[in-house]
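Please read the structure below before turning to the comments.
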2 protein chains.
Amino acid sequence: MLGSFIASRGLKHSRQRDAIVETFFEMGGHVPIEELVARVRQRDGHISVATVYRTMKLLAECGLALPRQFGDGQTRYEPASVDAHHHDHLICTGCGAIVEFENEDIEALQLRVARSHGFEVESHKLELYGRCAGCRAGAGAEGSP
Amino acid sequence: MLGSFIASRGLKHSRQRDAIVETFFEMGGHVPIEELVARVRQRDGHISVATVYRTMKLLAECGLALPRQFGDGQTRYEPASVDAHHHDHLICTGCGAIVEFENEDIEALQLRVARSHGFEVESHKLELYGRCAGCRAGAGAEGSP
DNA sequence: GTGATATTGAGAATCACAATCAACATGACC
DNA sequence: GGTCATGTTGATTGTGATTCTCAATATCAC
């Protein structure tokens, strides 16, 4: 994984790198840099933001993390298992929850539509924004938080 | 349209505002601010970028323009006719062409998927990235531009 | 016209992120 | 274990898109 990537590129290990990578994978999914920085610092004193950006870029390059841009202007990363399928996202406009889903039918339709316009799809991005069950239940008359 | 919106909010007319709005609608679709600024200046001397940003935001607020964020880090606006259907986008990674499409089946599937996760969809974003017919034809051995 | 108020423009501010560069850490080799 | 070439770090600066600030100016109602 990262070790071999590091080795094969003549890169080196470092305390910071390890801390960032471990923290990232502990956190699970859709982690914004800012939050990652905070967590990493909790566990390993001061680590520069620059280092976190650099490390996440590395992880992305070696295929262990995927950068995602939702509408909020900051890049989030999610862990990429080698055998994971492509998936899309449901994003709650109430609480910010992010749910992943896969749907082959949608993907197939996308390919068909693209083809009908002469396009060959290389990648796509599908995000559904709405209110999750929890937010709808708890939001009788709250308005939008 | 804009006139009534301006009136109803106690806003005022201005030469710049008119120039920007007219230019925007002349240009058609998916206009990045920078380009709009250039065009507007061709026709009306110097107009500040700030004014263009402000005016487009106004247009968006009164529903006459839709802001779109594709992957390139700048906001584009497209005219929103009142009776226009929602549509999604095909974006050529070669020449940057942007094609609109509508597909009811995809939309229906999206709703269904969302519902199955307890979400009530408010909006969505679907972008397909790939190579358009032209780029594929002309790109025998070019690599990616 | 006059005056209250909205708008403009230039530049500064912001925000996420990338680049710079001197100080420092790592690992291969002895 | 020590040395050295080379990669990494962190503080700071740069960047690009967008927003804010504020004095000067334009607009509209009267």
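Computed from a prediction, not measured in an experiment: that's the story for all the values here. Chain naming here is simple, since letters A, B, ... match the order of the sequence lines and numbering starts at 1 in each.
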Please check the phosphate of [N] (OP1 and OP2 only) for any side-chain N or O of [X] closer than 4.0 Å.
X	N	value
B:T75	D:dT18	yes
B:Q16	D:dA26	no
B:S14	C:dT8	yes
A:Y53	C:dC17	yes

[X] side chain, from C-beta outward: closest of [options]:
X	options	answer
B:R54	C:dG27, C:dT8, D:dC28	C:dT8
B:H46	C:dT20, C:dT5, C:dA10	C:dA10
B:K12	C:dA16, C:dT20, D:dT27	D:dT27
A:T51	C:dA4, D:dT9, D:dT18	D:dT9
A:Q74	D:dG7, C:dC17, C:dA6	C:dC17
B:A50	C:dC17, C:dA6, D:dC20	D:dC20
A:H13	D:dT27, C:dC17, C:dG27	C:dG27

Is the A:H89-A:F70 ring centre distance short of 6.0 angstrom? yes
Examine A:F101 and A:V99 and state if one hydrophobic cluster contains both, with Ile, Leu, Val, Met, Phe, Trp and Tyr joined whenever side-chain heavy atoms are less than 4.5 Å apart. yes
Salt bridge flag under 4.0 Å for residues B:R43 and B:E22: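 Counted as a salt bridge, because a side-chain N and a carboxylate O are separated by less than 4.0 Å.
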Taking NZ, NE, NH1 and NH2 as the nitrogens, is one of them in A:R39 or A:E34 under 4.0 Å from a carboxylate oxygen of the other? no
Can you measure [X] atom [atom1] to [N] atom [atom2] for me and round it to whole angstrom units?
X	N	atom1	atom2	value
A:I6	C:dA25	CD1	P	18 Å
A:E34	C:dC15	CD	C1'	10 Å
B:R15	D:dT25	CZ	P	14 Å
A:D44	D:dT9	CG	P	11 Å
B:D18	C:dA6	CG	P	18 Å
B:L36	D:dA17	CG	P	15 Å
B:I33	D:dG16	CD1	C1'	14 Å
A:E61	C:dA18	CD	P	11 Å

Will you find, in the side chains of B:D88 and B:H124, an N or O donor that is under 3.5 Å from an N or O acceptor?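 Checked: B:D88/B:H124 side chains pair up, N/O donor to acceptor below 3.5 Å.
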Will you find, in the side chains of A:H85 and A:E102, an N or O donor that is under 3.5 Å from an N or O acceptor?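 Checked: A:H85/A:E102 side chains pair up, N/O donor to acceptor below 3.5 Å.
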Which is more 5' along DNA chain C, the nucleotide nearest B:L11 or the one nearest B:R41? Just name the residue.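 Taking each residue's closest nucleotide, the earlier one in sequence belongs to B:L11.
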First of A:I47 and A:R9 reached from the 5' end of DNA chain D, by closest nucleotide: A:R9
